[in-house]
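Notes for the one structure printed next.
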Amino acid sequence: MDSIKLTLPTKPEYVSLARLTIASVANNMGFSIGDVEDLKVAVSEACTNALNHSKNPDTTYDLTYIVENQKLVFTVTDRGIGFEPEEVAMPDLNGKQLGGFGIFIIKSLMDRVEIISERGSGTSITMVKNLSTTHEV
Amino acid sequence: MDSIKLTLPTKPEYVSLARLTIASVANNMGFSIGDVEDLKVAVSEACTNALNHSKNPDTTYDLTYIVENQKLVFTVTDRGIGFEPEEVAMPDLNGKQLGGFGIFIIKSLMDRVEIISERGSGTSITMVKNLSTTHEV
Amino acid sequence: MNSNNIIETGKTSMVSIKGEIDIYSIEKFRASIEKEIMTQATQIILDCSELSYMDSTGMGVLIELRNKSKEMGQRIIMMNPRPNIKKLLSLTGVDKIIEIVDNPAN
Amino acid sequence: MNSNNIIETGKTSMVSIKGEIDIYSIEKFRASIEKEIMTQATQIILDCSELSYMDSTGMGVLIELRNKSKEMGQRIIMMNPRPNIKKLLSLTGVDKIIEIVDNPAN
Ligand SMILES: Nc1ncnc2c1ncn2[C@@H]1O[C@H](COP(=O)(O)OP(=O)(O)O)[C@@H](O)[C@H]1O
Ligand SMILES: Nc1ncnc2c1ncn2[C@@H]1O[C@H](COP(=O)(O)OP(=O)(O)O)[C@@H](O)[C@H]1O
């Protein structure tokens, strides 16, 4: 069980580093091309939320990738304002709504998602992708 | 001044992540292709030393990249046995010697190198590459 | 549908979208499409053959731009999005309001 | 120097070295060259056209393999190393004991 930690500046220009590193780790683990793309999207959505919503007072936020036997477990953690994950509504998928897709996309693409958020102290979203999953684009 | 931190497993298969991330950061900063290659070599040499020599009892070691105005400052830190940097001899460059090139290569390619090492508590090597340097391969 | 013909008609603009669209590059993307909307072309084709990455930030702006262009009586068409991006367009329902075509020439 | 001719002589082996040689991939590299040394070819050409990365770990093994092959009366030649790798070969003096050739065909 190998663990990789990445601390990134709370700035849009570094979100690509989250994608680059997860793609490399997932490739080496043997994930399919389609799964690697899904992992890039999931980690980016979580980083984008940390930048857009957390009001993170810190100049950095954290990512952890844990390489397990048959799965990749990764977490994005900010030290921002937090929110109530249960109160986030499922987006309308009729092309009218401009936002609100991030968490929905993450949940659609990953095998397991856990959000731990506390008002005033921040949010931590943990995503799991199983290696064996073979639903391919 | 943006700072990126990366904690990697003390294993050969993850050294490529150090190269991947420094290449991305350096590219975005506007370093030339040749300089990016030199940065990849320098960071790899430092990681390779952490793996080969530090006897790091930890499962991980750390990298930091600091993006400054006109330079990239990066550090590789292990929590291993340490050594005396002054006692490292310049390698023979006659093709007879099998090793001892790492620190020599780092010093040749980078603009500034500082090694802080303490017996029993570990080694930290800080390397600096200036953006303006225009010696190209 | 052939890109040369299209450009000749004078009513269609073609924009090639390359690289990655994310929270960093989104404003550049928005600006380049808004420029096309201003030209009052009746059709705006986004050539996505070389678009390697797009996420929900891009979806949101696509919907926004499509609403704007609809007001102007224009159509936006996405050409040759890669499978990973198609998947997201479908997941979010964006493919119901923006036409997606695969150009066999590519 | 043409790779086809070389292979026809039967005394020369050609090995294509691809990707990155570092502390992770070094054992695979060493093994593949040692296999060639065993064939007792008089020349071993390492085609480095697609070798994107090599550092001091690779330099050390190159010197080691060159010593072994010299004992067997063999020559090792590196063909088409990229500028970044050439720079390290020169910096470490490895280019003094291993012949480096640029094949204009590549
Ligand atoms: N890291 C976070 N910190 C605070 N609030 C968050 C965070 N992530 C998500 N949220 C809240 O959840 C909502 C839904 O997020 P999401 O599904 O990603 O869509 P969007 O980002 O487009 O609003 C956000 O609008 C925000 O209120
Ligand atoms: N991180 C480290 N921890 C302990 N010793 C080190 C470290 N880095 C370098 N050294 C010492 O310095 C010597 C020279 O290192 P280097 O120039 O990289 O060549 P090589 O790794 O081939 O020996 C090593 O042999 C080792 O004794």
Side-chain angles (χ1 to χ4, degrees), chain A residues 8-20 22-23 26 31-54 56 61 76 78 88 90-110 127 135-137, chain C residues 17-31 33-34 37 46 48-71 74-78 80-100 102:
Chain A
L8 291 181
T10 316
K11 291 187 177 178
E13 53 264 52
Y14 295 99
V15 172
S16 62
L17 269 182
R19 287 198 294 277
L20 202 63
I22 206 167
F31 277 103
S32 68
I33 297 178
D35 280 350
V36 171
E37 289 303 323
D38 291 349
L39 287 161
K40 283 163 65 179
V41 170
V43 80
S44 286
E45 296 294 350
C47 293
T48 301
N49 280 350
L51 299 189
N52 280 339
H53 304 302
S54 80
N56 187 358
Y61 66 105
V76 176
D78 65 63
V88 173
M90 160 88 182
D92 271 349
L93 302 174
N94 55 9
K96 297 252 160 63
Q97 200 175 311
L98 291 180
F101 297 124
I103 293 172
F104 167 75
I105 289 177
I106 292 173
K107 288 187 174 162
S108 307
L109 302 180
M110 298 293 106
M127 295 155 273
H135 61 86
E136 222 6 36
V137 282
Chain C
I17 316 288
K18 292 177 184 173
E20 305 197 318
I21 298 183
D22 72 351
I23 185 177
Y24 178 54
S25 56
I26 192 67
E27 286 314 322
K28 227 180 109 192
F29 171 67
R30 187 204 304 272
I33 311 301
E34 276 180 342
I37 294 180
L46 311 182
C48 300
S49 321
E50 291 174 57
L51 176 63
S52 57
Y53 177 85
M54 182 185 254
D55 56 29
S56 75
T57 305
M59 302 295 141
V61 169
L62 276 176
I63 297 173
E64 200 188 307
L65 292 169
R66 182 269 188 177
N67 291 348
K68 237 178 231 179
S69 68
K70 209 177 163 197
E71 269 174 32
Q74 299 163 313
R75 288 203 311 164
I76 291 186
I77 297 170
M78 290 182 83
N80 296 329
R82 298 194 183 166
N84 53 315
I85 293 168
K86 247 185 176 164
K87 184 174 176 177
L88 288 190
L89 292 167
S90 149
L91 204 56
T92 54
V94 174
D95 63 352
K96 289 188 209 133
I97 58 156
I98 291 185
E99 193 179 334
I100 295 169
D102 291 304

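Both backbone and side-chain heavy atoms feed into the values below; hydrogens, waters and symmetry mates do not. Letters go in sequence order (proteins before strands), and every chain restarts at 1.
Separating the CG atom in A/N52 from the CD1 atom in C/I23 is a distance of 4.0 Å, to the nearest 0.5 Å. To the nearest 0.5 Å, atom CE of residue C/M59 and atom CD1 of residue A/I105 are 6.0 Å apart. To the nearest 0.5 angstrom, C/S56 atom OG is 7.0 Å from A/N49 atom CG.
Scanning both residues, A/E37 and C/S52, for their nearest heavy atoms gives OE1-O, 4.0 Å.
With sequence neighbours excluded, the residues satisfying side-chain contact (heavy atoms from CB on, under 4.5 Å) with C/S90 are C/D95.
Side chain of C/E64 to backbone of A/L98: no donor-acceptor contact under 3.5 angstrom is found.
Within 6.0 Å of CZ on A/F104 lie more than 12 heavy atoms contributed by other residues, nucleotides or ligands.
Residue pairs that meet the side chain to side chain donor-acceptor pair (under 3.5 Å) test with at least one member in residues 90-106 of chain A, sequence neighbours left out, do not exist here.
Between C/Y53 and A/S44, the side chains place a donor N or O and an acceptor N or O closer than 3.5 Å (distance only, hydrogens not considered).
Interface residue C/I63: backbone and side-chain heavy atoms are both found under 4.5 Å from chain A. Using a 4.5 Å cut-off between heavy atoms, A/K40 contacts chain C through both its backbone and its side chain. Residue C/I26: no heavy atom, backbone or side chain, is found under 4.5 Å from chain A.
In summary, of the residues considered (A/V41, A/L109, A/L93), a side chain to side chain contact (heavy atoms under 4.5 Å, CB included) with C/L91 occurs for A/L109 alone.
At a threshold of 4.5 Å between non-hydrogen side-chain atoms, the residues A/T48 and C/D22 do not count as touching.
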The test is salt bridge (charged side-chain N to carboxylate O under 4.0 Å, His left out); show your working for A/R19 and C/E20 and say whether it passes.
CA-CA 11 Å; A/R19 287 198 294 277; C/E20 305 197 318; 2.7 Å; yes
